[in-house]
Every structure is written in C-alpha cells, then in structure tokens.
Protein chains: 2
Amino acid sequence: MDRRQLKTRQAVFEAFTALLETKSYGSISVQEIIDRANIGRSTFYAHFETKDDLLRALCGEIFDHVFSPELGREPTHDFSGRRDLKGEITHILYHLGESRSYIRGILRRESGELFMRYFRERLEGVFGGALGEDRPDLPREYLLRHLTWDLAETVRWWMDHERYTPEEVSRFFFAAAPLEPEA
Amino acid sequence: MDRRQLKTRQAVFEAFTALLETKSYGSISVQEIIDRANIGRSTFYAHFETKDDLLRALCGEIFDHVFSPELGREPTHDFSGRRDLKGEITHILYHLGESRSYIRGILRRESGELFMRYFRERLEGVFGGALGEDRPDLPREYLLRHLTWDLAETVRWWMDHERYTPEEVSRFFFAAAPLEPEA
DNA sequence: CTGATACCGAACAAAGTGTTCTATATCGAA
DNA sequence: TTCGATATAGAACACTTTGTTCGGTATCAG
C-alpha cells in the first residue's frame, strides 16, 4: 500500500477516535474530521464512502488486531478434546485491553451499536464451534446469541471499569454465563 | 391536553414508527416525518426539539405502558418475603408483546441503542430492589448490569421470534440468568 | 361568543453532503 | 536519477437538511 494512503488513513482514524472521545458519533461532521486530520475533502471521499463506512473500517482494523491468533499458537484443546474456550476469551480480552483508548469512545452512544454488532459477528465464530449440548433446556439460537451479547456487554462494561484485569473479567464472564448444565 | 396537540402527537408517532419499519433511524429526515404525518414544519418543532427528542418521547410513551402496574395489583411477595420477580417480569413481557408492532422497528439499528438504554434504566428499578446476596462471587454492579442487559437483549431477540410466548421467554431468561448461587 | 392557542405554509440562513475539476506533490519501479 | 502513475489539496458546485421566524387561519375551552 502506498505510504501516502497509509498516512492519510492513519490521520483519519486518529482524528475520528479523538473526536469520538469528546462528542457523539451522530454530531461529528466530515468537515470536522478532515479539519482535524488536516486532509482535503476529496481525499476523504477517495478513502471512505460515508461516515458509516469509516466507522466500519475502523472497527475492522481493531478486530483484525483483537482476533489475530497468537503467533505460532494453534487452537488448544483440553484433555476431553474440547477447545480451550477460556484461553481464547482471555486472549481476546488482553488485546481489547490494549486497544482500550481506541474503543472506549466508540462504545459510547450510537457508534457502539455498530461496534457491538461487528464484535458479536466475530464472537459467533468463537462460540459457535465450542458449543456443546450443555443446555438442552434452551434453544440453541437463543443460547448462542446470549453468549455473544454477554461477552460483548461484559467488555463494554469493562471499558469503563479500568481496575479489573483481563483474567478477572474472564472469570466474571464464565461465572455468569449459562455454560454449565442447570443444577 | 388540547385535542389538537394530541392528534398531532399521535400522527407524528404513527408516521415515525411506520418509517422505522422501512428504513433506518439515521436516514429518516424530519421532512419525511411531517409529510407522512401531514403536518406543518413549524408544528413539528413546536412539539419536539429534535429527532432524538422524538425518539425519546416515543420510548417514554411505550415504557409508561409497559411498566404500568396492573390495576389494583400490589407488588406480590412469596412466602419468604422476597418480591415475586418472575411475576413482574412476565407481566412486563406481556405488555411488550402487545406493543411489538411499535417496538420492532425501533430496535433495528441505531435507534435500538437509545431504546435499550432507556429500557435498562427502568429495569434497574425492577432488579435493584429484588437483588439478594445470591452471588457473592460477582461484583454487585456487574451483576445488576448483567441482569438488565440480559433481559433487554432477550426482549430484542424475542421481537424477531414471534413464535414464543411471554411465559416461555420468561423461562428462558431465568434459566440463563445468573440468579442462583453457583453450584 | 370570544379570547387563547395550535396549526399551516412559506421563506430564510446556516450547515453539511458528496461530486468534479485542475494543479501539485509524492510515490515506486526501472 | 528519471519518469509515468497516482494520491492529495483546494476550490467550486448543486443539493439536502436543519431549525427558526412570521402573518394568516382554524380550532379549542369556557
């Protein structure tokens, strides 16, 4: 990719996230973004179709990082042959913690809606494969959706409660999630 | 309240919900709303400050209905003196089911964000009082927030799965919610 | 009946959107 | 280093949307 494009793209992302820290997504105009990013109007539209497109691209950037597999690390399995869900989740939480400064602003208000949707799409891949038949009393589609929004909202909560570590948050999530069979 | 105001207000709500069935909140203009409601521009702004204000008012209208106490029905308590949470929730779900046609459109996309926020604010009142010390292993603020988003998202899911009854949905919720002590 | 008030509809300034154009600067590859 | 390709700046453009104002008309409540 051309260095010029990369520089522009970064400048836009920087300006956008900075603005999201101070005001809501809907009230941010393209004008403000390009002023802050110090680029021309036509340049912006050469990169992104609309403001929504920009948000989508930014989320994609973040998730590509968050869901990147550890270098040289295969999905692990425990002794019973099931995937190590806890390990995967903690791994994701670590990366999210690193990106906190980018994410916190997005999660406020309307833009959070879009972020959460993309986030949960990715999470379906994680949970979909790992889901056994632990809870035959619940419709599978309800259970899957439940787990993804549980984790997504847990993350959203965590972003405003800096004092907890990824491990603690992971423990909270698994303690509250409906993964074990009902007593 | 003046009949004229009431008529206008109703016409706007009707037009707004109808538009939300077909297109996203952000892409609806005030112009479309007043055209469909067949009212003058200045009239709209005499009633609502902005589009967000309209959405807020509509949500308020809906929740006033949904959370209205049954006529002459006191909050019941079971034999141990705790509030009948299951009964209250099922009651709320019934009203939500009745308002499905108004709600479904709102819940799509960005407007859902606002709806869910107001919804959860109300739910905090319901859960806050009924919460015991069942889960000392979780921070109380996390638990409270967890319960409200659980129910709110359960409702959102339900609105697109018409085949379930309020009783069934209530059962799903309580089966998945972290209310019982961990085994 | 009558005073109050809600409505209509047109006009308005202001701001934002997305496109198009030309000139300029920067890039990557030979 | 050179050179063709391409990204950018910046201005101009038509267009939509927003929120306000105002004088005239219709409808309300008492």
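Given the structure is predicted, the values throughout are model-derived calculations rather than measurements. Throughout, a chain's letter reflects where its sequence line sits, starting with A, and its residues are numbered from 1.
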Problem set entry | Integer-rounded Å distance: D/dA9 P and A/Asp35 CG | 12 Å
For this session: Taking the six-membered ring for Trp and the single ring otherwise, decide whether the centroids of A/Tyr164 and B/Tyr142 are under 6.0 Å apart.
Result: no
Problem set entry | Whole-Å distance separating the CD1 atom of A/Ile39 from the P atom of C/dG18 | 14 Å
For this session: Flag the pair A/Glu113 and B/Arg108 as a salt bridge only when some basic side-chain nitrogen lies within less than 4.0 angstrom of an acidic carboxylate oxygen.
Result: no
Exercise. Is there a side-chain contact between A/Lys86 and A/Ile89, using heavy atoms and a 4.5 Å cut-off?
Worked result: no
Seminar exercise, completed: Atom CZ of A/Phe48 and atom P of D/dT8 are separated, to the nearest Å, by 10 Å
Problem set entry | C/dA6 phosphate, OP1 or OP2, under 4.0 Å from B/Gln5 side-chain N/O | yes
Exercise. Expressed in angstrom and rounded to an integer, what is the separation of A/Tyr45 atom OH from D/dA11 atom C1'?
Worked result: 16 Å
Exercise. Between D/dA7, C/dT17, C/dA11, which nucleotide has the shortest distance from any of its atoms to the side chain of A/Arg41?
Worked result: C/dT17
Exercise. Do the charged groups of A/Arg9 and A/Glu61 touch, with an N to O distance under 4.0 Å?
Worked result: yes
Exercise. Does any N or O donor sit under 3.5 Å from an N or O acceptor when you compare the side chain of A/Ser42 with the base of D/dG10?
Worked result: yes
For this session: Look at the rings of B/Phe67 and B/Phe63 and say which category their plane angle falls in: under 30° parallel, 30 to 60° tilted, over 60° perpendicular.
Result: perpendicular
Exercise. A/Ile33 has an atom CD1; how far is it from atom P of C/dA15, in whole Å?
Worked result: 18 Å
Could you go over nucleotides 26-30 of chain D and give all protein N or O partners under 3.5 Å, atom names and distances?
from, atom 1, to, atom 2, distance (Å)
D/dT27, O2, B/Arg4, NH1, 2.8
D/dA29, OP2, B/Arg3, NE, 3.4
D/dA29, OP2, B/Arg3, NH2, 3.0

Problem set entry | Donor-acceptor pair, side chain of B/Ser170 and main chain of B/Pro166, under 3.5 angstrom | no
Exercise. Could you give the CG-to-P distance, from A/Asp52 to C/dG18, as a whole number of Å?
Worked result: 10 Å
Exercise. So, is A/His47 near the phosphate of D/dA7, with a side-chain N or O under 4.0 Å from OP1 or OP2?
Worked result: no
Exercise. Has A/Thr8 got a side-chain N or O lying under 4.0 Å from the OP1 or OP2 atom of D/dT8?
Worked result: yes
For this session: Let me know the distance between CD1 of B/Ile28 and P of D/dT16, rounded to the nearest Å.
Result: 18 Å
Exercise. Regarding A/Arg100 and the six-membered ring of A/Trp158, is the cationic atom NZ or CZ under 6.0 Å from the ring centre and inside 45° of its axis?
Worked result: yes
Exercise. Could you give the CZ-to-P distance, from B/Phe44 to D/dT21, as a whole number of Å?
Worked result: 17 Å
